[in-house]
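Everything below concerns the one structure shown next.
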Amino acid sequence: MEEKPSISTQSFIDQLVVPGDVVLDLSTMNNQTIKLGGGLRQDCDAISVTKAGKFRFSRPNKYWVESSQKRYVPCVEDHVLGIVVDCKADNFLVDIKGPTLGLLPVLAFEGVIRRNIPRFETGTLLYVRIVKANAVMNPELSCMDASGKAAEFGPLKEGYMFETSTGLSRMLLSSPTCPLLEALGKKLSFEIAVGLNGRVWVNAASPSTVILVANAIMNSESLSGVQQKIMVEKLLQKIH
Amino acid sequence: MEIDRTDGRTANQLRPLACSRNVLYRAHGSASWSQGDTKVLAAVYGPKAGTKKNENPEKASIEVIWKPKTGQIGKVEKEYEMLLRRTLQSICVLTINPNTTTSVIVQVVNDDGALLPCAINAACAALVDAGIPLKNLAVAICCCVAESGYVILDPTKHEEEKMKAFVHLVFPNSVKAVLPEESLCVNSEPWEHGILTSVTRGVMSVDDYLYCLERGRAAAAKLSDFLRRSLLSELLSDSTKAA
């Protein structure tokens, strides 16, 4: 039996909230463990909002505020696209659009020993996984998955990279497949890598396909599923 | 004794407000705010790594650059920068991203009275657009006291010059909460009545000042509603389309 929080005013779940709104009162929720995600802050017994967005809840106990920004807040186990800024003795400094640069250890690649460490030039685009992220330290990255395999992490060659908002990246990565990518995939063949930090990389055999896919994604920022399909159909008609 | 305002407003009436977000392509957050003819554009970049030498590296620091419409940057602009910086520091959660700097750049597009409140409102909307964590929003209002003791809100430049004294007030926004009303109060006054910033120019009596505060609070509630609606209107249209 689910016990609803006994509040006389409305519940904020799935409502749009602004910074300052108090969305949960811990004194009414006893003996529960709740997990707070991004955009929320604890102030003694009150949970208040720090970012404007939609307040979401997922069973059994996760609360967060969904919002879309141009900058990224690093979280563990996110897959992001980073650009190499500098090479140090032990780490690569990688820009992941967050408040601080990420550190990619030189040995965090599959099958690499001290003798054959990879060398990347400044400006190389990498698909990496965030291993450690907290507010005070630079996030630590890795080009291996949890079991130590390469699993498609690493440098991305050729293709075209563009920047979007974090909300659009989440939509592209949603499951089931977002209607935009499905519609594009039926007619065109291309490779795509989406980083949760708002960077998208597209590669295809011909430049016109790359440009078409990139434009379709950039135009779909605020469209619903049906509108995305219509937009893609119009774009494809123009080239045929 | 009533004063007739040239644009036909009553003493408590504000000029038409307009706010648009995400107006600049390269800035991480941007907003333009206009009250009547006064228009200000604010851009936020950050948070970026590193702080300046005199700053506390355990906290995020905010840097404000004020760009006037014409002329060189002088003491007036530096003062505005300092006021805006102090106000924004009190609404941002500074402990979340230590050792970073957030830059707020304010560009005056047109100055027709109540410039500092307009800039504070624009900067607050730009911070929300950039996703900088905030404790609450700030709403700013300007109140003037005339020679006769008559108080008007949101003056134009013409009215400002004729006044004996004026005060810029910044209040936190009115929040929606699941808590009962009492726990949000401090010393039996509602949360929204707290003052974030108060800047006065000219000479006014204490009674006049308290009267300005009352009028300002009432207007701040209206501004707060407007700010909430305009911040969420884009998100609302997204969610109704996605549904």
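The sequence lines fix the lettering, A, B, ..., with proteins before strands; numbering per chain opens at 1. These numbers come from a predicted model, not from an experiment.
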Heavy-atom contact with chain B under 4.5 Å, split by part of [X]:
X      : answer
A/V17  : backbone
A/V49  : backbone
A/T100 : both

Report which part of [X] has an atom under 4.5 Å of a heavy atom belonging to chain A: side chain, backbone, both, or neither.
X     : answer
B/K48 : backbone
B/A60 : neither
B/N22 : side chain

Pairwise side-chain contact, A/V18 with B/V128, heavy-atom cut-off 4.5 Å (strictly under): no
A quick test of your reading: do over 12 heavy atoms of other residues, nucleotides or ligands sit less than 6.0 Å from [atom1] of [X]?
X      : atom1 : result
B/Y211 : OH    : no
A/K229 : NZ    : no
A/E182 : CD    : yes
B/K59  : NZ    : no

From NZ (A/K51) to CD1 (B/I132), nearest 0.5 Å: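 Between atom NZ of A/K51 and atom CD1 of B/I132 there are 8.5 Å.
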Positions in residues 93-101 of chain B that reach chain A, provided some heavy atom is under 4.5 Å away: B/V93, B/I96, B/N97, B/P98, B/T100
Top contributor to chain A interface from B/C92, B/G46, B/A49, B/P47 [non-hydrogen pairs under 4.5 Å]: B/P47
Options B/A130, B/G50, B/G29, ranked by heavy-atom pairs under 4.5 Å with chain A, top entry: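 Counting heavy-atom pairs under 4.5 Å, the top option is B/A130.
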Residues 127-141 of chain A: residues contacting chain B (heavy atom under 4.5 Å, by number):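 Counting heavy atoms that sit under 4.5 Å from chain B, the residues of residues 127-141 of chain A involved are A/A135, A/V136.
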Side-chain donor or acceptor of A/K70 paired with backbone N/O of B/Y25 under 3.5 Å: yes
